[in-house]
There are 2 protein chains.
Amino acid sequence: MSTSDRRSYHHGDLRAALQQSALQLLDAEGVDALSLRAVARHAGVSPNAPYRHYRDKDALLAALAAHGFTELAARLTDAVAHPAAPGADGADGAELAETTAAMARATVHYALEHPGLFHLMFGHPCIGHPEVVSASDAAQSVVATHLAAFVPPEAGESLKIGVWALVHGLSVLLLGGRLGALTPDRTDSLIDAVVHTLLDTGAARTTPRADR
Amino acid sequence: MSTSDRRSYHHGDLRAALQQSALQLLDAEGVDALSLRAVARHAGVSPNAPYRHYRDKDALLAALAAHGFTELAARLTDAVAHPAAPGADGADGAELAETTAAMARATVHYALEHPGLFHLMFGHPCIGHPEVVSASDAAQSVVATHLAAFVPPEAGESLKIGVWALVHGLSVLLLGGRLGALTPDRTDSLIDAVVHTLLDTGAARTTPRADR
DNA sequence: CATTGGATGTTGACGTTGCACACATTGTGG
DNA sequence: CCACAATGTGTGCAACGTCAACATCCAATG
């Protein structure tokens with residue numbers, strides 16, 4: 001079978017299998033091409049089997065989106081925990097920009113890795129589901145936490161929103177492939193350049209870092 | 001009939017009527033609730049009439065999206081042409097932030113006015129349509145033009161991408177209603193605060209040459 | 001052990017959708 | 001005046017989401 005062998009009439013853990021199948025199809029075929037029936041087919045069960053585990057199609061999509069946000073949050077914390085930045089100039093005042101760039105890179109990578117999922121997470125309107133909202137809030141709070149170290153709580157709210165918006169906007173732009181096809185390296189340096197152009201030099205430095 | 005009286009077998013300008021009906025339904029019911037048949041119904045014609053004017057459903061959606069980008073571009077130029085900014089005098093170095101905030105406000109307003117359309121413009125993957133791409137590029141170039149006055153062409157690319165990403169991210173965030181329900185006034189001041197937090201003390205002052 | 005009940009998967013059906021085909025109606029150029 | 005291309009209609013089909021009824025299995029109870 002596509003995902004795992006079915007022992008008999010009962011499938012050991014259909015819920016997880018459906019989620020897995022849905023994720024594969026989502027990133028392979030796109031959001032709107034994802035049909036509940038196709039998911040069931042891929043999992044090797046009848047078209048109506050999913051209804052024993054999800055109330056309707058939106059419930060499945062919501063579960064996928066929530067999973068995506070949780071995974072994104074993990075990526076974000078990882079990205080900040082051990083930075084992949086080459087120069088390692090972390091000591092001076094550009095830490096804010098560097099942290100932001102790291103989170104932007106992580107988000108964009110995740111978006112490019114899972115385009116269908118990402119589009120579902122941010123694009124689908126039916127995702128007012130509370131499950132999704134809380135997962136999304138958790139991811140956002142990761143950003144807020146990492147940002148809080150650099151600014152007074154006064155401006156923290158604006159910064160948080162701005163950075164989250166910037167990161168998300170960059171992801172969408174790059175996902176759309178509108179900025180030309182880029183190698184992963186070029187993508188990273190583009191992200192760095194954009195982030196630094198916007199908010200470098202804020203507190204400490206006064207000259208934009210113009211590399212390249 | 002819903003839109004206009006049909007004189008007889010032939011409808012004077014079905015193409016435009018369909019577009020109009022589709023726009024109404026789009027913002028009323030949401031993107032995925034929009035069916036070609038519903039559009040035809042709303043326009044008072046048979047389910048297959050649209051196929052004489054649009055190759056398929058995606059073609060209709062693409063036309064709508066392109067229309068949206070064109071209208072957005074117009075709003076952007078308007079917003080910068082006669083700024084609605086309150087006490088802010090534009091003579092000092094904060095012009096960049098003020099211009100950006102104006103464009104962000106215009107975009108967010110447009111997004112909140114036409115949520116369905118906006119979601120289609122940025123969310124729908126089937127919009128690789130060349131018609132949409134060129135309209136989107138036109139809108140983006142409006143942003144680039146207004147930004148070019150404040151920075152050297154060197155950093156212009158990064159700034160353009162960053163501002164476009166920021167504006168789009170803010171729109172999505174506010175469209176999603178994730179930041180709490182806001183009055184229009186509160187929305188505007190939130191946008192201003194975010195944009196200034198990101199740009200004011202940073203990029204604006206770092207470019208000493210306010211050329212020309 | 002046998003029974004039985006709830007959880008899980010299946011089958012059939014209904015209404016809706018996007019789209020392809022053949023057909024009807026029109027006003028317009030020869 | 002009339003054929004013809006443009007435009008709208010009708011019918012049909014496969015796929016979809018979802019509901020209702022049925023089948024099958026595991027597990028607890030006697």
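So that the names make sense, note that chain A is the first sequence line, chain B the second, and so on, each numbered from 1. Just so you know, these numbers come straight off a predicted model, no measurement behind them.
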Between [N] ([atom2]) and [X] ([atom1]): distance, integer Å:
{"X": "A/L60", "N": "D/dC16", "atom1": "CG", "atom2": "P", "answer": "14 Å"}
{"X": "A/R37", "N": "C/dG12", "atom1": "CZ", "atom2": "C1'", "answer": "11 Å"}
{"X": "B/R55", "N": "C/dC19", "atom1": "CZ", "atom2": "C1'", "answer": "13 Å"}
{"X": "A/D58", "N": "D/dC16", "atom1": "CG", "atom2": "C1'", "answer": "14 Å"}
{"X": "A/D32", "N": "D/dG17", "atom1": "CG", "atom2": "C1'", "answer": "16 Å"}
{"X": "A/D13", "N": "C/dA7", "atom1": "CG", "atom2": "C1'", "answer": "14 Å"}
{"X": "B/L18", "N": "C/dG18", "atom1": "CG", "atom2": "P", "answer": "13 Å"}
{"X": "B/Y51", "N": "D/dT11", "atom1": "OH", "atom2": "C1'", "answer": "15 Å"}

Look at the side-chain N and O atoms of [X] and state whether any lies under 4.0 Å from the OP1 or OP2 oxygen of [N].
{"X": "B/R41", "N": "C/dT17", "result": "yes"}
{"X": "B/H53", "N": "D/dA6", "result": "no"}
{"X": "A/S35", "N": "D/dC16", "result": "yes"}

Near-ring test B/F118/B/F69, centroid separation under 6.0 angstrom: no
Contact nearer the 5' end of DNA chain C, comparing B/K57 with B/R52: B/K57
Side-chain H-bond candidate by donor/acceptor type, B/D188 with B/H109, under 3.5 Å: yes
Side-chain-base donor-acceptor pair under 3.5 Å for B/N48 and D/dG10: yes
Whichever of A/A33 and B/A49 has its nearest DNA chain D nucleotide further upstream toward 5': B/A49
Lys NZ or Arg CZ of A/R105 over A/Y110 ring: under 6.0 Å, within 45°: no
Heavy-atom donor-acceptor pair, A/K160 side chain to A/A148 backbone, under 3.5 Å: no
Point-to-point distance, once rounded to the nearest 0.5 Å, from OH of A/Y51 to CG of A/D56: 7.0 Å
